[in-house]
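Note that the structure is a prediction, hence the values are computed from the model and not measured. Each chain gets a letter, A, B and so on, in the order the sequences are listed, and its residues count up from 1.
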Protein chains: 2
Amino acid sequence: MNKKKNENTLFDVAELFKNFSDSTRIRILYCLIENERSVSEIASLLNMNQSAISHQLRLLKNSKLVKNRRDGKTIYYSLDDDHVYNIIYQGIEHINER
Amino acid sequence: MNKKKNENTLFDVAELFKNFSDSTRIRILYCLIENERSVSEIASLLNMNQSAISHQLRLLKNSKLVKNRRDGKTIYYSLDDDHVYNIIYQGIEHINER
DNA sequence: TGAATATATGAACATCTTTTCATATGTATT
DNA sequence: AATACATATGAAAAGATGTTCATATATTCA
């Protein structure tokens with residue numbers, strides 16, 4: 001049934017956009033566009049505490065928008081999805097065109 | 001200061017994506033892509049009560065994503081933003097490509 | 001092994017969001 | 001004017017979310 005399929009897709013799309021709907025998460029994603037970064041680096045860039053960042057990184061990881069790698073004690077996060085940049089960029093375009 | 005400007009923009013972008021991050025709202029927007037629709041029509045399409053739909057329409061209107069017109073007792077809502085379709089479409093693409 | 005550092009996690013708290021219910025407002029019809 | 005219908009709105013209830021705090025886990029280095 002096609003209507004049902006649409007409904008399910010839209011539900012998933014809402015879940016996807018949830019990742020971009022919080023300023024902490026979108027700022028995390030934004031600061032990963034150019035480089036991978038460690039948790040503490042992100043925390044200091046956003047001027048927030050490490051635990052808050054870790055919690056948000058977990059959500060982003062569950063949504064498969066970021067991935068990580070360990071190097072010694074440090075864990076580096078980076079984008080894991082080609083669409084992230086486009087989605088954010090489209091949002092920025094929208095805001096700038098107002 | 002450019003960093004500050006970025007931060008503010010990203011905050012606004014998060015606000016924008018909030019509209020698309022709830023399944024009720026994204027389904028409302030989606031069902032307005034083809035046609036304008038009355039509040040009760042939307043409510044019955046989504047199988048939700050009229051008040052819930054009205055409350056969500058108010059949020060979408062405040063964000064300038066929908067507009068409305070009155071015809072007698074009926075109020076018709078329609079999209080008020082060219083980007084809405086593109087944003088939803090990009091989300092759907094992302095989901096379908098997983 | 002023990003101390004130091006980086007990150008993750010669970011629980012608690014505060015805040016925000018969504019829905020429902022009751023009712024108000026606006027319009028048309030008799 | 002009274003009634004019926006469509007929508008909006010405020011308040012309350014229920015649920016979801018984000019942050020902090022304390023602490024656990026993993027790794028390195030002395």
Legend entry - Short side-chain N/O contact to D:dT7 OP1/OP2 from B:R58, under 4.0 Å: no

Legend entry - Phosphate contact (C:dT7 OP1 or OP2) by A:S40 side-chain N/O below 4.0 Å: yes

Inset, instruction - Run through A:F11, A:F20, A:F17 and flag the one making a ring pair (Phe, Tyr, Trp, His ring centres under 6.0 Å) with B:F20. - result: A:F17

Legend entry - Atom pair distance, as rounded to whole Å: CZ in A:R37 and P in C:dT7: 13 Å

Inset, instruction - Using a cut-off of strictly less than 4.0 Å, decide whether A:Y77 has a side-chain nitrogen or oxygen near OP1 or OP2 of C:dA8. - result: yes

Legend entry - Separation of D:dG18 P from A:N19 CG (nearest whole Å): 10 Å

Inset, instruction - Kindly say if A:R70 contacts the phosphate of C:dA6, meaning a side-chain N or O under 4.0 Å from OP1 or OP2. - result: no

Legend entry - Single-linkage hydrophobic cluster B:M48~B:L57, side-chain heavy atoms < 4.5 angstrom: yes

Legend entry - Residue among B:Q50, B:R58, B:Q56 satisfying side chain to side chain donor-acceptor pair (under 3.5 Å) with B:S54: B:Q50

Inset, instruction - Using the aromatic ring of A:H55 (for Trp, its six-membered ring), decide whether it stacks on the base of D:dT19 within the limits of 5.5 Å and 30°. - result: no

Legend entry - Position toward the 5' end of DNA chain D (nearest nucleotide), A:K18 or B:K73: B:K73

Inset, instruction - Under 4.0 Å between any heavy atoms, over every strand shown, what does B:S54 touch: base, sugar-phosphate, or nothing? Just pick one. - result: base

Legend entry - Separation of D:dG18 P from A:I28 CD1 (nearest whole Å): 11 Å

Inset, instruction - Starting from P on D:dC5, measure out to CD1 on B:I75 and report it in whole angstrom. - result: 18 Å

Legend entry - Between D:dT7 (P) and B:E41 (CD): distance, integer Å: 9 Å

Legend entry - Option among B:I87, B:V84, B:L59 that satisfies the side-chain contact (heavy atoms from CB on, under 4.5 Å) test with B:L65: B:V84

Inset, instruction - With A:S38 as reference, evaluate A:T74, A:D71, A:I75 under the side-chain contact (heavy atoms from CB on, under 4.5 Å) test and give the passing residue. - result: A:T74

Inset, instruction - For A:K61 and C:dA8, give me the distance from atom NZ to atom C1', rounded to whole Å. - result: 11 Å

Inset, instruction - Pick base, sugar-phosphate or nothing for A:S51, based on heavy-atom distances below 4.0 Å to the nucleic acid. - result: base

Inset, instruction - Tell me whether the OP1 or OP2 atom of D:dC5 has a side-chain N or O from B:Q50 closer than 4.0 Å. - result: no

Inset, instruction - Can you tell me the distance, in whole Å, between the CG atom of B:N47 and the C1' atom of C:dT19? - result: 14 Å

Legend entry - Phosphate-side-chain proximity, B:T24 and C:dT18, N/O vs OP1/OP2 below 4.0 Å: no

Inset, instruction - Find the distance A:I53:CD1 to D:dT17:P and express it as a whole number of Å. - result: 18 Å

